[in-house]
Amino acid sequence: MATASFSMLSMFAAPSGGLGSRNIRNTNQVFSNRNPLVGVRCMAQDDPIKEESPLPPTSPTQPQTPLYSPPPLSKPKVSTKFGDLLAFSGPAPERINGRLAMVGFVAAIAVELSKGENVFAQISDGGVAWFLGTTALLTLASMVPLFKGVRAESRSKGFMTSDAELWNGRFAMLGLVALAFTEYVKGGTLV
């Protein structure tokens, strides 16, 4: 690799005119006719070339600061457009559906234990109005932080993480469907 870099460099810097005047088809000629005035300098990280610094020497008690500091990492811009938030791969749909399923599963089990009604009876006895009200409230509450650019991933620490919420929502969706299916097949309440 170093030989190829050196020969490419010497071809461009050759006093005879560089690439235009050489016979490129004969690679032996290109690699054997090196210009002795051109050198290759390698700068390794372990052993950097020491150059004189324009800064005055520092005292041993003063910490040295690097001459170059990398730019601070900026957060990637998140879209707050309504279409981007509710897109198929956006941050809102699965999270909102999971939250609704968690509330719905707990409410369905609670009503079943207290009144003895299955899910289908709960829906026919005024459950649609409760469902629509809960859906509107949870959707609005979930969308407000997203419109401000705040994501659940940035606020999750410790035990209550955004991944745990997603998995709990997925299990609640499956549980609600399994509850309704089991009650339909059984023909009555689960409990």
Side-chain angles (χ1 to χ4, degrees), residues 1-2 4-5 42-48 63-191:
M1 180 74 180
S5 298
C42 177
M43 294 180 67
Q45 289 181 347
D46 296 336
D47 189 15
Q64 283 187 334
T65 58
L67 295 176
Y68 170 75
S69 62
L73 297 174
S74 62
K75 293 181 182 177
K77 298 283 184 183
V78 292
S79 176
T80 57
K81 295 179 184 175
F82 186 75
D84 292 339
L85 294 176
L86 290 176
F88 185 74
S89 62
E94 185 177 12
R95 195 164 305 276
I96 292 171
N97 288 333
R99 290 172 182 170
L100 286 170
M102 287 186 270
V103 169
F105 183 76
V106 170
I109 294 292
V111 171
E112 188 171 315
L113 288 173
S114 66
K115 291 185 177 180
E117 295 179 342
N118 64 10
V119 175
F120 300 108
Q122 293 174 28
I123 292 172
S124 64
D125 289 343
V128 174
W130 280 103
F131 171 73
L132 293 176
T134 306
T135 300
L137 182 67
L138 273 176
T139 302
L140 181 65
S142 297
M143 293 296 286
V144 168
L146 294 175
F147 282 129
K148 291 182 178 180
V150 177
R151 298 290 189 259
E153 293 82 15
S154 65
R155 298 287 183 160
S156 63
K157 293 177 183 162
F159 185 69
M160 303 293 247
T161 63
S162 63
D163 287 339
E165 182 189 19
L166 282 177
W167 280 105
N168 288 336
R170 290 169 183 166
F171 288 132
M173 288 184 254
L174 289 173
L176 195 56
V177 170
L179 178 68
F181 181 74
T182 305
E183 289 178 349
Y184 176 75
V185 170
K186 189 178 177 184
T189 61
L190 181 67
V191 181

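The structure displayed is predicted, hence computed values, not measured ones. What you see below is based on every heavy atom in this structure, not just the backbone, and it leaves out hydrogens, waters and symmetry mates.
Within the 3.5 Å criterion, the main-chain N or O of Ala136 finds no donor-acceptor partner in the side chain of Thr139.
Atom CG of residue Asn168 and atom CE of residue Met173 lie 10.5 Å apart, to the nearest 0.5 angstrom. Distance check, rounded to the nearest 0.5 Å: NZ of Lys148 to CG of Leu146 gives 11.5 Å. For the atom pair CG (Asn118) and OH (Tyr184), the distance works out to 12.0 Å, reported to the nearest 0.5 Å.
Atom CZ of Phe147 is surrounded by more than 12 heavy atoms from other residues, nucleotides or ligands within 6.0 Å.
The two residues Gly169 and Ala101 come nearest to each other via the heavy atoms O-CB, 4.2 Å. Ala92 approaches Met143 most closely through the heavy-atom pair CB-SD, 3.8 Å. Smallest separation of non-hydrogen atoms from Gly116 and Thr189: O-CG2, 3.1 Å. The shortest non-hydrogen separation linking Gln122 to Glu112 is NE2-N, 3.5 Å.
A heavy-atom distance below 4.5 Å is not found between the side chains of Leu174 and Arg170.
For the side chain to side chain contact (heavy atoms under 4.5 Å, CB included) test with Val103, the passing option among Thr135, Thr134, Leu176, Leu137 is Thr134; the others fail.
A donor and an acceptor atom, one from each side chain of Arg95 and Ser142, are nowhere located under 3.5 Å apart.
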